[in-house]
Amino acid sequence: MYFLTGWPRRLLCPLRSEENPFHIQPSSQRFYFAVLSETQLSIWFSRPSVLIVSYVESAKAAAQFGFYQQAEWKPDDSMIAVAAANGYVLLFDVVGGGDDKCLYEPVYPKGSPRVKVNPGYKEEQCAPALSLEMKRPVDLEAPITSLQSMQEDLVVSTADGFLHILQWNGVSNGRKAINLCTVPFSLDLQSSRGGPSLDLDGVHIRDMEYCVTLDGFAVVFDDGRLGFITPMASRFTADQLQGVWAADVTDGTCVAVNNKYRLMAFGCASGSVSVYMIDTTTGSMQLSHRLELTPKHYPDTWNKTGPVKSIQWSPDYSVVMVTWECGGLSLWSVFGAHLICTLGEDFAYRSDGTKKEPIKISSMSWGAEGYHLWVITSSDGARGEGPPPLQQAGILQFQFIKSALTVNPCTSNQEQVLLIGEDRLYLTCGDPTQAHSAPEQHASRDGAPLYPPSPAPSTVSQGLSTLLGHRHWHVVQIHSTYLESNWPIRYAAIDTQGQCMAVAGRRGFAHYSSFTRKWKLFGNITQEQNMTVTGGLAWWNDYIIIACYNFIDQQEELRLYLRSSNLDNAFANVTKLHSDTLLLNVFRNMVILFRADCSICLYNIERRQDSPTSSAVSIELLQEVTMARYIPHPALVVSVTLTSVRTETGITLKAPQQACAAESIMLNLAGQLIMLQRDRSGPQVREKEAPPNQKKLLPFCPPVVLAQCVENVWTTCRSNRKKRHLLEALWLACGEAGMKVWLPLFPRDHRKPHSFLSRRIMLPFHINIYPLAVLFEDALVLGATNETVLYDGLQGPREPLEAHFPFCTVERTSQIYLHHILRQLLVRNLGEQALLLAQSCAGLPYFPHVLELMVHVVLEEEATSREPIPDPLLPTVAKFITEFPLFLQTIVHCARKTEYALWNYLFAAVGNPKDLFEECLMAQDLDTAASYLIILQNMEVPAVSRQHATLLFNTALEQGKWDLCRHMIRFLKAIGSGESETPPLTPTTQEPSSTGGFEFFRHRSISLSQSADSLIPGKFSLQKTLSMPTGPSAKSSDRWSRDSDCAENMYIDMMLWRHARRLLEEVRLKDLGCFSAQLGFELIGWLCKERTRAARVDDFVTALKRLHQDFLWPFPVIPRLLNADQFPLQERPLPAQPRGVMAPSVFSVLGTRLLKSQSADSLLNSDMDTAPPHGAPNSHSWLDGLGAEQKEMDMASTDEPQTEEAFLSPLINKVDECSIGSATDLTETSSMSELEHISMELANKGPHKSQVQLRYLLHIFMEAGCLEWCVVIGLILRDTNIIKQVVSFLDCPEVPAETVQNVRNGLLAVDAWASSDCLGYKPFLSLLRPQLQKLAETVAEQVLPESFQPSSASKLTEASSPRAEESRGPASLGASLPAEASGGGPGGPHTNAGNGKDPV
């Protein structure tokens, strides 16, 4: 509502004086301020805040009259009355200096575009020159306690118990005196008048204030009693006065009245403020609410403030400022919502925690329109001594910004927050380009669209990104030219899109567009100065609607100005009105006016397309409703709104279009919300039968009071069938009572509603912010809050003002309210309505948070209650949440944010956490299940936690939730050890660079430090195959071996081994690699143990097919380069035939051409350092050629789309620098058919990442001695080097005969499958014919010796022994294959491939 901003200003008086000011009194329009010191009366101007004139009493007169005490202005600002200590009332005339005389004038730089068009223009922006002349003083012969201006009289109360009514001209015969003892007092006006009250003897009035709308005085007596004195007739005479008491109050100190809401705020000695109202039926004083600091928010100061010193209502009567004897300021809204207090937080404490001394305030007053609070601080020294002559430094000016709803409660746009400062506007709208995609539905509902259509998808309301995108404001500086002559700003309005603003000051108005970032002012300043806005302003499409007074014609008018045209009366549509307009509002195409004669007028606005000028809009009076019998005073009406809200049987799910009609008028009458609904009891005329121009609107029923203590009302004219509950509701802000919503109740599934069921229900709920706007469909309340910033560097020997007060900023805020409404519906056994409402909002991004909040609030209240709850709500809330799929997440999130002591109460209502955990596992919601596991750990014994953790761990392993798996490993270890030790996820140092692009496997323990040069060919055996970890990579192995001593780690290892065995048995090599890399699983060591068990390949064909599928590796196809002249007719392949058997000669020719078309690369020679030569030198060159082919294939792999996330990083090595073919290759490959063949082979390769992954897995299997898997990977890579290496190792006597036989059978099975189903493998298999023959010979050789060698047989039986298995495996592969993977290694090419000896 009102918010502090910046630092307070310090106003210095240019005149030096020994006296400090102690009282300030504003004029009726608050343009002038009378400031009193002991013998001095000064008048200050508001803008600029300067001293105009000062009157200093002579010493002789001061001795006669006494020191000044109070001051009061005449309503027309022409006189000032000052009360002196010796019982004199001094009357001063305020004399103007003439039209041409100004005390201060603005000085513009040369060349300024400002032009003084008329004399009045200069006068408006200057501080006028005034003078003070004292008239004859009036002696009342008793000390004066209070002064009050009442219409044309001045009422003075004296300490002898009299009320004096003086005339402002000071004529003695016009003086009246009323003795308080003759005024009868009672508890209400209906009681019999039992004569004068005897208890008023010796009692006088301490403070009083006149209330115009109540026509009486609120008084505080010197004994602390409170009362209200009202005249029974038109004149204020003793025999016509009647008083009422406020019961049981004896500590009153001061009073302030609110004319708009008819409230009386009495300050008390206890520090609280009691706000009273007059009961309209009995006339008694009834307590409305109290304003007091609560111990919850102000534990240190709530009862140490002292008596209330002063109370001041803002000029618009929407907030009240209170100060105490011990200092401090506090701001409340009219019905008790606390906004600001300077007794806590940064106002009361420095950054080092030391407490500040609050500034004591002797007097304060609001400035014009509430933008400033003028404060005079009390001096510390005694009044008689007086400090040395100094400048007056006791006037502080606090700056405020306020909501536009305080003075212009126009509800045409309810989803924007608009704040008004002294010279700027604060908007919550985002970037204009975001909101440029205007909602087509409600942009075009009023006629033509406001903005050009946008291709963005249209929504019903503005998106959350626009309204909640950031916490900062969009600040618009009001045009200085308009401000200089028309300050202060009285009204402001914003359009539905939040992109166009309009402001109105003392005269005229101006508007601003966010698209152009420019203001539009009247081109003719005379037109601006000849009109003033009286009833507010609003936006309708492209038009600004204002209710104004025309000074030239002395006529009230309703005007429409087109935004896009020049601001000139020539383009305005003018409608003359018969009475002054006080309020204005817009509903769709209708304008509603509330006038000073207490009547309501409805106008219809239509846009005519025949004329492009302003006359394209026509305004027609539709209906006039008189409210004089219901409204005692027109100033009591706070807001008037047209709505589609109704109560009768029209509320159904069938006809949402009827909800768009103007069905009722909402009138906020001094805080009472009154509804006038259209009377549909008579005969109804169908809309289709009546001509559109002859429709007669239905009359309105008598008014009905909906709610009390209402500050603001929100409703919308939009409709959304999916969210009818929220869009057809009425939202109320009720001060300290929070908010209320008048919610419609709909029958479900078009069923007939119960006759006893109400159509609407009023639900109250509390929120933590002051509501300024409601986002209906988004179930959010928007607001603003004050934030403070301390500046410690400003401290000095004398603490400056900026150091005493923090710097105040205003920040945007929002709050969800949906959980409050759902809870209120459940409390009232309206679960069906709550379910309908919740289901309509289930798509909101914060709906899970709504459910959490509802459970949390109910749990906190019920579980911490000291008394038993007869009907607990938590089981009902739990049952309600089970209707949504977020039930499991909601409960566990709420539990983890709640104290452990409340868990038993929670799960007693929602169910056993073990059952909820199992539900999560069944729903595959593992993250939520992990949260429940933490609950179980605290509520169950460790055995139960271990059991459920094992279930979750196995499921997470199966689904590849690696982060969760790592957490589960830590969790299981913590259960076993009793403490949670978090192992490092990654080692501190990386592995050697010879990993060849496999840096992502940082947990594995593979020794890659041995180079090919360090191995002597022929002098090794299979016992040296597995190289033990050395260097940095050994740390992970050490950790695992150290942890394996613990039984808990063995338990975890068993689960990991079981999962790895399952992956291997199901031929899921890619998942096995991810599993090993993510969890740091010791894959090589485990494969050594499982070499003759799980690591065997039972079906080579199935394994090959599965690898093709998992790694997105295409099946090879036959190059179509076989022509009729190259092969005999019987050997020619059929292009269209997917299957078939080709002659062996064809495959041999294909294999030969394939080898010839590939370039040799000597870098790959080192890959076969330890491989047996097996024959002729041409075999060596053939291997080189195939190795080069492999390199080229690795580089030129196709980028096929990946279906799952790759876990390997790209391979960066020398292979990447190789081109597809060198220049010599192109010259040797002369025929186009061979080029086509190369391109076909490149297309047969899979993605590069898959190739890297396969190469790495090959390396793992080689080092672990799993030769069968090496063969399968060599087949899919079609790399003869791999097959040759495996075959050479199969010659070793330590290799079981079963393995040799299995490899041979597997290759034969693949050959048979290729012949029938995949002919693309035949050329490659034809190259492996020598290896197959060698395998057959090896098998034949091993059959006889093995049967006579029991020692070898005994070695085979020791396969289950890890130590025996770790000693097996080809030792040379650990050195040769890494060199291949890394492109040769750092040692460069080797030339000793042909010198190796056969190890057999």
Side-chain angles (χ1 to χ4, degrees), residues 146 148 150-151 155 157 163 180 183-193 197 200 205-221 224-236 240-250 252 254-268 272-291 311 313 317-318 320 332-336 598 627-638 667-674 703 705 707-711 734-737:
S146 181
Q148 183 65 37
M150 184 188 70
Q151 298 167 357
V155 181
S157 65
L163 274 178
L180 289 179
V183 179
F185 276 85
S186 58
L187 288 177
D188 57 66
L189 295 180
Q190 291 181 344
S191 303
S192 59
R193 303 184 64 182
S197 300
L200 286 184
I205 294 176
R206 176 190 296 179
D207 192 14
M208 66 177 180
E209 188 168 344
Y210 180 69
C211 182
V212 177
T213 52
L214 285 175
D215 190 22
F217 282 92
V219 296
V220 178
F221 294 99
R225 284 178 289 181
L226 314 177
F228 178 73
I229 302 175
T230 178
M232 305 301 292
S234 58
R235 294 302 297 165
F236 211 83
Q240 294 295 329
L241 293 181
Q242 172 72 38
V244 291
W245 287 114
D248 303 329
V249 180
T250 57
C254 56
V255 66
V257 299
N258 188 321
N259 286 311
K260 183 174 280 293
Y261 290 89
R262 295 210 290 186
L263 297 174
M264 299 171 288
F266 294 94
C268 301
S272 66
V273 176
S274 299
V275 182
Y276 283 85
M277 55 183 291
I278 297 294
D279 189 288
T280 54
T281 55
T282 64
S284 62
M285 292 178 64
Q286 290 188 349
L287 180 66
S288 171
H289 55 278
R290 277 194 172 90
L291 310 178
I311 305 172
W313 290 96
Y317 297 107
S318 60
V320 59
W332 279 275
S333 72
V334 60
F335 288 111
C598 296
M627 297 288 294
R629 56 186 295 192
Y630 305 111
I631 299 175
H633 196 287
L636 296 176
V637 178
V638 180
L667 210 67
N668 187 352
L669 178 63
Q672 276 190 338
L673 186 63
I674 298 175
V705 177
Q708 303 278 356
C709 301
V710 177
E711 295 180 359
C734 301
E736 67 172 351

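Between Phe335 and Tyr261, the angle of the ring planes goes over 60°, which puts this pair in the perpendicular group of the 30/60° scheme. In this pair, Phe185 and Phe221 present their aromatic rings perpendicular. The plane angle is above 60°, beyond the 30 to 60° band.
Considering CG of Leu669 and NZ of Lys260, their distance stands at 10.5 Å, rounded to 0.5 Å. Here the straight-line distance linking atom SG of Cys734 with atom CG of Leu673 works out to 8.5 Å at 0.5 Å rounding. Taken from OG in Ser274 to CE in Met264, the straight-line distance is 11.5 Å, to the nearest 0.5 Å. For the atom pair Ser186 OG and Gln242 CD, the distance stands at 4.5 Å (nearest 0.5 Å). Between the CE atom of Met208 and the CE atom of Met150 there is a distance of 9.0 Å, given to the nearest 0.5 Å. From Leu263, atom CG reaches atom NE2 of His289 across 6.5 Å, with rounding to the nearest 0.5 Å.
Between the side chain of His633 and the backbone N or O of Leu214, no donor-acceptor pair lies under 3.5 Å. Remark: side-chain polar atoms of Asn258 are not paired, donor with acceptor, to backbone N or O of Trp313 under 3.5 angstrom.
Listed here is the closest heavy atom pair of Phe217 and Gln148: CE2-CG, 3.5 Å. Smallest separation of non-hydrogen atoms from Ser284 and Leu187: CB-O, 3.1 Å. Here the closest non-hydrogen pair linking Asn259 and Thr213 is O-OG1, 2.7 Å. The nearest pair of heavy atoms linking Ser333 to Gly735 is OG-CA, 4.1 Å. The two residues Ser157 and Leu163 have their closest heavy-atom pair at CB-CD2, 3.9 Å. Arg290 approaches Glu736 most closely through the heavy-atom pair O-OE1, 3.9 Å.
Two residues are said to be in side-chain contact when any heavy atoms from C-beta on lie closer than 4.5 Å; Met285 and Phe266 meet this criterion. Residues Ile278 and Arg262 fail the side-chain proximity criterion, which asks for heavy atoms closer than 4.5 Å. Looking at heavy atoms from C-beta onward, Asp207 lies in side-chain contact with Ser146 at the 4.5 angstrom threshold. Between Val244 and Tyr276, the closest side-chain pair of non-hydrogen atoms is not below 4.5 Å. With a 4.5 Å cut-off on side-chain heavy atoms, Tyr210 and Val155 do not count as touching.
Judged as a side chain to side chain contact (heavy atoms under 4.5 Å, CB included), and not counting sequence neighbours, the contacts of Val273 are Ala265, Val275, Leu291, Val308, Ile311, Val322. Met627 meets the side chain to side chain contact (heavy atoms under 4.5 Å, CB included) test with Ile600, Val625, Tyr630, Ile631, Leu667, Leu676; sequence neighbours excluded.
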